[in-house]
Amino acid sequence: MPLYKYELVDGNCQVCGGEFELRRPVDRPELKDCPICRKPVRKCVASFNTPKVFKPVGPAEAREHGFKVYKKVGSGEYELQ
């Protein structure tokens, strides 16, 4: 589920702090009002979730998944491995 960041359209709120984040399914209708204070909100650009651990991919695994693997043979020259 995506994580969405919202902020109040105008003013501030002691309860929600003026901004909040929610996990919502993509197929849900757009959120128009704060679920806590009921003031109008707008969706902001927020970061997205990525895996915390990245596993390096070697040439064999890249080929296995359908990628072409090239090897540098000179200045600006590559050949298919």
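All residue numbers refer to positions in the sequence shown, counting from 1. Owing to the predicted nature of the structure, the values given are computational and were not obtained by experimental measurement. These numbers come from the heavy atoms of this one structure, side chains and all, not from hydrogens, waters or symmetry mates.
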CD-CZ distance between Glu30 and Arg24, expressed to the nearest 0.5 angstrom: 9.0 Å
By side chain to side chain contact (heavy atoms under 4.5 Å, CB included) - contacts of Gln81 (at least two apart): Pro59, Arg63, Val69, Lys71
Glu21 side, atom CD; Cys44 side, atom SG - distance, nearest 0.5 Å: 10.0 Å
Main-chain N/O of Lys39 paired with Lys32 side-chain donor or acceptor, under 3.5 Å: no
Leu8 vs Pro40 side-chain heavy atoms within contact, under 4.5 Å: no
ILVMFWY clustering at 4.5 Å (side-chain atoms), partners of Leu80: Tyr70, Tyr78
Listed once per pair and sorted, the salt bridge (Lys or Arg N to Asp or Glu O under 4.0 Å) pairs that draw on residues 72-81, sequence neighbours left out: none
Flag side-chain contact, heavy atom, 4.5 Å: Phe20 against Val41: yes
With sequence neighbours excluded, residues passing side-chain hydrogen bond (donor to acceptor under 3.5 Å, both in side chains) with Glu7: Arg42
CG on Leu31 to CG on Leu22, rounded to 0.5 Å: 6.5 Å
Set of side chain to side chain contact (heavy atoms under 4.5 Å, CB included) partners for Lys43, sequence neighbours left out: Tyr4, Tyr6
Members sharing Val9's hydrophobic cluster (side chains within less than 4.5 Å): none
For the student: nearest non-hydrogen atoms of Cys34 and Cys37, plus distance: SG-N, 3.4 Å
